[in-house]
Amino acid sequence: MKKVILILFIINLSLLNAMTKKVDKDAIDDWEYNSTQVMEDSRGLSMSMGRVATMAAPAPKSAMLPKKLGLAVGGAKDTNNFKANIDNGYLPKLDSITYEGQFYSHFFDTGLGGKECKALFCPSYSTAKRLNSFSKEEEYFLSVGLNSGIEEKAFKRKKLNLVVVLDISGSMGASFDSYYYDKSGNKVETKEKNSKKKMEIANESIVAMLSHLKNDDRAGVVLFDHNAYRAKPLRLVGETDRQAIKEHILGLTERGGTNWSAGYEEGLKLFDELKLSAEYENRIIFLTDAMPNRGELKKDKLFGMAKKASEKGIHTSFIGVGVDFNNDLVEYVSKTKGANYFSVHSSKMFKKLLDKEFDYMVTPLVYDLELKLNSKKYEIEAVYGSPEAKLATGEIMKVNTLFPSTSDGEATKGGVVLLKLKKVGSGADDIKLSVSYTDVNGKSFSNAGEAKFNTKKSFYYDNSGIHKAILVSDYVSVMKNWIIDARAGCNDRVKWIMEDYPTIMKRCMVFPPKRPIFPTVKTWERSSCKLKVSEGYKKLFHTLKNYYAGEMKLLDDDSLEQELAIINKLLEQKTEAFDKRPIDDWQFRD
């Protein structure tokens, strides 16, 4: 009997091995890119080298309320590039830190107050009044909590048509922590020899990303230097030899120049071979370390093509690699429906992020959100946490896209937008609010609500969520104003910026877009600047540290340590005066 069982076991094992070999044999290695193929430059000269997530069957009712998803604003999803520049001794660029990006590193009480949300999107409102510790002005705030009625266990992303468009140009051979481009695109030799190449980090990140695809998803790959190459056509993952594709990607090396438009255009061509349907979410993941110039903003170039593609239901995630990535990109990504932006600090950390959030990053849920504020006494002065803040008027706030976000049942990751209000008249403290938005199928929704300031208290916070949102926005405002002034100080074509402590105290909380010097910053950002802190800002950072630590203690929130760590890093910098160069104060622009 034992012999019979042993024989049957051996037979079954043989059959299992045969089946495994058959599956491996049937899997397709459809990699097309050959790194030895002749490259051509842009002149032809040879060179030697949108829809809602589907819902699973409803869970049985129980005494416990089911855990719901939260929502978070699209656009920048982190501030890794800001931190990476500081860690490596460079002055960050202005858009490397954004309010929405910093918010997304925190969980917020959205102020729903135990009410149940049964719709795709349920805004909740909280108010606060305070005396600003820096400006000594009385301030009024309104937070918009971003809630959803979708149950976390019921959430299921759509099938995915995913095209990865990867930059393999020469700059990707530089180490992650050094500037490759400077001033007008001149190469800066890498000093650090032990750091990983940006190419390696990008390759590892792509492999981590593709590991989250399912058999009924499709994946394709496009590579670009100064030309574009179809490396892998869009094919069902279940029919693809995953291990072979992984090895091909990890073996990629850098070469040639950079043509972002050609890469994106080739990526779009892969979708031409498919009949787009509502069954699939269509997304391009565009990875680059480079610095797209203003020519890429034209209708037929990178950003114009991304906007046009979004109208057809093909959305884009941009991923920046390296400390010298041009964060101007963030602003334009944020204005494109269904788009988001991440920066890769390390392939290990990016893999950790994807393990938790891949399905969320590829699934937009709410489009064209518009909030109207109706009050005779208040109007919107500034918006923190929305990439469309510049479009806010006294009555209207706009957000292009909301993505699903993690909620722990009490707080939501990045789940707020903060409005600063100002008094413009007299009357009741009641504020009427109306919201309109569309889902990914284009169906329109609207709802109405109200908020009210507490007239019995001089200063208060409705809840910890609005308190924390104000604190984090204070930190971002100080950092952005510091970057504006520091970049002015390392540029020899602007007026001298007064760096005395009283002057800095008055302007450190100014909403950065309202600074007169704000539009000029963009023209300074191609050059790298050494990290330095002036005497005036050193004093301000001491004040900020004490204020931040005090508020953190009141909130009893250890997650706020990340901002304190940056403040301490800046306080450790050797104090330096700005270079006293001859001043070219010419102001006329043609």
Side-chain angles (χ1 to χ4, degrees), residues 50-59 68-75 117-122 146 148-165 209-210 212-222 232-240 264-265 267-286 305-318 333 335-340 357-370 399-405 436-446:
R51 287 154 284 280
V52 293
T54 57
M55 307 288 280
K68 302 291 183 70
L69 282 178
L71 295 169
V73 174
C117 173
K118 296 183 179 180
L120 172 62
F121 172 50
C122 305
L146 309 176
S148 176
I150 298 176
E151 294 181 16
E152 188 179 73
K153 289 183 178 180
F155 173 79
K156 182 182 177 183
R157 71 163 171 84
K158 283 192 171 186
K159 298 176 186 177
L160 187 62
N161 290 323
L162 181 69
V163 173
V164 175
V165 179
M209 196 183 309
L210 296 181
H212 289 272
L213 297 183
K214 301 171 185 176
N215 286 341
D216 52 2
D217 294 325
R218 295 187 184 93
V221 180
V222 165
K232 182 193 179 310
L234 264 174
R235 187 185 302 278
L236 286 171
V237 171
E239 298 175 355
T240 301
Y264 195 89
E265 186 173 21
L268 287 175
K269 287 180 182 178
L270 268 61
F271 289 98
D272 291 342
E273 301 171 7
L274 295 175
K275 183 178 180 181
L276 301 185
S277 71
E279 188 181 2
Y280 277 80
E281 166 71 19
N282 306 292
R283 184 161 293 268
I284 289 176
I285 305 282
F286 192 95
M305 285 191 289
K307 279 186 175 291
K308 192 172 182 180
S310 72
E311 296 169 3
K312 297 179 180 179
I314 301 172
H315 304 124
T316 309
S317 293
F318 289 91
V333 170
K335 294 178 181 178
T336 301
K337 186 180 291 187
N340 48 24
E357 299 194 15
F358 178 78
D359 287 355
Y360 294 168
M361 72 178 279
V362 298
T363 313
L365 291 179
V366 174
Y367 289 139
D368 300 323
L369 169 63
E370 183 174 282
V399 177
N400 263 330
T401 313
L402 296 180
F403 286 82
S405 181
S436 62
Y437 62 95
T438 62
D439 65 15
V440 290
N441 292 318
K443 186 176 180 180
S444 297
F445 299 86
S446 63

Closest contact, heavy atoms only, [X] versus [Y]:
X: L234; Y: G220; answer: CD2-N, 3.6 Å
X: V165; Y: G267; answer: CG2-CA, 4.1 Å
X: K68; Y: G149; answer: CD-O, 3.5 Å
X: S148; Y: C117; answer: C-SG, 3.4 Å
X: M361; Y: F403; answer: O-CE2, 3.6 Å
X: D216; Y: L236; answer: O-CD2, 3.7 Å

Under the side chain to side chain contact (heavy atoms under 4.5 Å, CB included) criterion, do L71 and S405 qualify, and how do the steps go?
CA-CA 5 Å; L71 295 169; S405 181; 5.6 Å; no

Any donor-acceptor N/O pair, [X] side chain to [Y] backbone, under 3.5 Å:
X: K158; Y: A278; result: yes
X: D439; Y: N441; result: yes
X: K159; Y: E279; result: no

Below 6.0 angstrom between ring centroids: does that apply to F445 and F121?
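Here the rings of F121 and F445 have centres that are no less than 6.0 Å from each other.
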
Any idea how F286 and Y264 line up, ring-wise: parallel (<30°), tilted (30 to 60°), or perpendicular (>60°)?
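The arrangement is tilted - the two ring planes meet at 30° to 60°.
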
I'd like to check the side chain to side chain contact (heavy atoms under 4.5 Å, CB included) partners of S310; sequence neighbours left out, ordered by chain and number.
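Scan of S310 (side chain to side chain contact (heavy atoms under 4.5 Å, CB included), adjacent residues dropped) gives H315, T336, K337.
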
Could you check whether any side-chain heavy atom of [X] comes within less than 4.5 Å of a side-chain heavy atom of [Y], counting everything from C-beta outward?
X: N282; Y: N161; result: yes
X: I314; Y: L276; result: yes
X: P404; Y: E152; result: no
X: I284; Y: L268; result: yes

Any chance you could measure [X], atom [atom1], to [Y], atom [atom2], to the nearest 0.5 Å?
X: S317; Y: M209; atom1: OG; atom2: CE; answer: 8.0 Å
X: F358; Y: L210; atom1: CZ; atom2: CG; answer: 7.5 Å
X: I150; Y: L69; atom1: CD1; atom2: CG; answer: 6.0 Å
X: R235; Y: R218; atom1: CZ; atom2: CZ; answer: 11.0 Å
X: Y437; Y: L402; atom1: OH; atom2: CG; answer: 9.5 Å
X: L162; Y: H212; atom1: CG; atom2: NE2; answer: 12.0 Å

Step by step, would you call K269 with V222 a side chain to side chain contact (heavy atoms under 4.5 Å, CB included)?
CA-CA 10 Å; K269 287 180 182 178; V222 165; over 6 Å; no

Does R283 come within less than 4.0 Å of D217, counting only side-chain N to carboxylate O?
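So R283 does not pair with D217 through a salt bridge.
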
Worked verdict on L274 versus Y280 for side chain to side chain contact (heavy atoms under 4.5 Å, CB included):
CA-CA 11 Å; L274 295 175; Y280 277 80; over 6 Å; no

